[in-house]
Amino acid sequence: MEADELLVLVAGGDQKAFEDLYGLVSGPVYGLVRRVVRDPAQSEEVAQEVLLELWRSAARFDPGRGSALSWVLTLAHRRAVDRVRSARAAGEREQREARRGHGPAFDQVAEEVEAGLEREWVRRCLDRLTALQRQSVTLAYYDGYTYREVAERLSLPLGTVKTRMRDGLTRLRECLGGAA
């Protein structure tokens with residue numbers, strides 16, 4: 001039996017005719033959907049949706065407007081395109097949300113301002129140290145040198161550098177205590 005005749009019988013609720021029609025059109029439906037959707041798992045899902053729709057809407061088929069296979073493949077193509085558009089729209093929504101989420105939050109801006117103020121306060125407190133203390137502290141904390149490396153760079157005994165650092169850090173702590 002041809003697909004046109006089977007589809008007319010399916011419209012009347014003939015399950016055997018649907019089984020035969022399924023056997024005729026499931027391959028071409030999956031092939032068309034697979035070319036549009038590309039993902040095998042989603043293609044299978046869309047093909048099943050099309051075949052279910054075929055069972056439910058067989059009565060809408062008009063043999064005067066074309067062949068049953070053309071009608072079924074039109075259903076498949078429309079459903080596949082709908083799936084691709086839906087997936088694309090979902091991806092675009094996710095991207096928009098991700099971009100929105102990357103904008104600086106109010107708390108982030110406040111933290112940046114606060115960090116800037118703290119840096120300025122530290123600079124002012126560093127200016128209150130003696131030149132020798134400031135030099136030692138700056139080498140250790142801003143340039144990342146160890147006490148031993150600071151001593152080597154300044155050609156001073158390690159004990160002298162440690163004393164300058166201790167005194168400088170004590171004065172910084174006192175000065176910064178007013179910032180808190």
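This chain uses plain numbering: 1 for the first residue, then up along the sequence.
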A.B. asks: Taking Ser57 for the side chain and Glu53 for the main chain, is one N or O donor matched with an acceptor at less than 3.5 Å?
C.D. replies: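 Side chain of Ser57 to backbone of Glu53, a donor-acceptor pair under 3.5 Å: yes, one is there.
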A.B. asks: Whether the side chain of Arg128 engages the backbone of Cys175 through a donor-acceptor N/O pair (distance < 3.5 Å, no angle test) should be reported.
C.D. replies: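 No, because the side chain of Arg128 does not come within donor-acceptor range (under 3.5 Å) of the backbone of Cys175.
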A.B. asks: Does any N or O in the side chain of Arg34 come within less than 3.5 Å of the main-chain N or O of Ser43, such that one atom is a donor and the other an acceptor?
C.D. replies: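 A pair under 3.5 Å: no.
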A.B. asks: I want to check something: taking the side chain as every heavy atom from C-beta on, are Met1 and Leu9 in contact at a cut-off of under 4.5 Å?
C.D. replies: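 Yes - at least one pair of side-chain heavy atoms lies under 4.5 Å apart.
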A.B. asks: Going from CZ on Arg35 to NE2 on His77, what distance comes out if it is rounded to the nearest 0.5 angstrom?
C.D. replies: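 The CZ atom of Arg35 sits 9.5 Å away from the NE2 atom of His77.
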A.B. asks: If you compare all heavy atoms of Val137 against all heavy atoms of Met165, which two are closest, and at what distance to 0.1 Å?
C.D. replies: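 Heavy atoms only, the tightest pair is N-SD, 3.6 Å.
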A.B. asks: Just by modelled atom types, is the Thr130 backbone N or O under 3.5 Å from a matching donor or acceptor in the Gln133 side chain?
C.D. replies: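 Side chain of Gln133 to backbone of Thr130, a donor-acceptor pair under 3.5 Å: yes, one is there.
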A.B. asks: Do Thr160 and Thr163 get their side chains close enough for a donor-acceptor pair, meaning under 3.5 Å?
C.D. replies: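 Checked: Thr160/Thr163 side chains show no N/O donor-acceptor pair below 3.5 Å.
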A.B. asks: Kindly compute the distance separating CG (Leu54) from CZ (Arg79), expressed to the nearest 0.5 Å.
C.D. replies: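 If I round to the nearest 0.5 Å, the distance is 11.5 Å.
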A.B. asks: Quick one: does any side-chain atom of Glu5 pair with a main-chain N or O of Glu2 as donor and acceptor, under 3.5 Å?
C.D. replies: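 Present.
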A.B. asks: Kindly assign one of parallel, tilted or perpendicular to the pair Phe61 and Trp71, based on the angle between their ring planes and the thresholds 30° and 60°.
C.D. replies: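 Judged by the thresholds at 30° and 60°, the geometry between Phe61 and Trp71 is tilted.
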A.B. asks: Counting distance only, does the side-chain N/O of Gln42 pair as donor-acceptor with the main-chain N or O of Asp39 below 3.5 Å?
C.D. replies: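 No; zero donor-acceptor contacts below 3.5 Å.
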A.B. asks: Answer yes or no: is there a donor N or O on one side and an acceptor on the other, between the side chain of Arg164 and the main chain of Ser136, under 3.5 Å?
C.D. replies: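 Flag not set: sc Arg164 to bb Ser136 has no pair under 3.5 Å.
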A.B. asks: Give a yes or no on whether the backbone of Ala68 and the side-chain of Asp4 come within a donor-acceptor separation of less than 3.5 Å.
C.D. replies: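 Yes; at least one donor-acceptor contact below 3.5 Å.
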A.B. asks: For Ser86 and Asp82, indicate whether the former's side chain and the latter's backbone hold a donor-acceptor pair under 3.5 Å.
C.D. replies: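 Checking the backbone N and O of Asp82 against the side chain of Ser86, no donor-acceptor pair under 3.5 Å is found.
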A.B. asks: For a quick test of reading the model, state the closest non-hydrogen atom pair linking Leu32 to Ala76 and the distance between them.
C.D. replies: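 Taking Leu32 first and Ala76 second, the nearest heavy atoms are CD2-CB, 4.0 Å.
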A.B. asks: Okay, side chain of Asp143, backbone of Tyr145: is any donor-acceptor separation there less than 3.5 Å?
C.D. replies: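 Here the side-chain-to-backbone pair does not exist.
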A.B. asks: How close do Leu126 and Leu172 get, counting heavy atoms only, and between which atoms?
C.D. replies: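 Of all heavy-atom pairs spanning Leu126 and Leu172, the closest is N-CD2, 3.9 Å.
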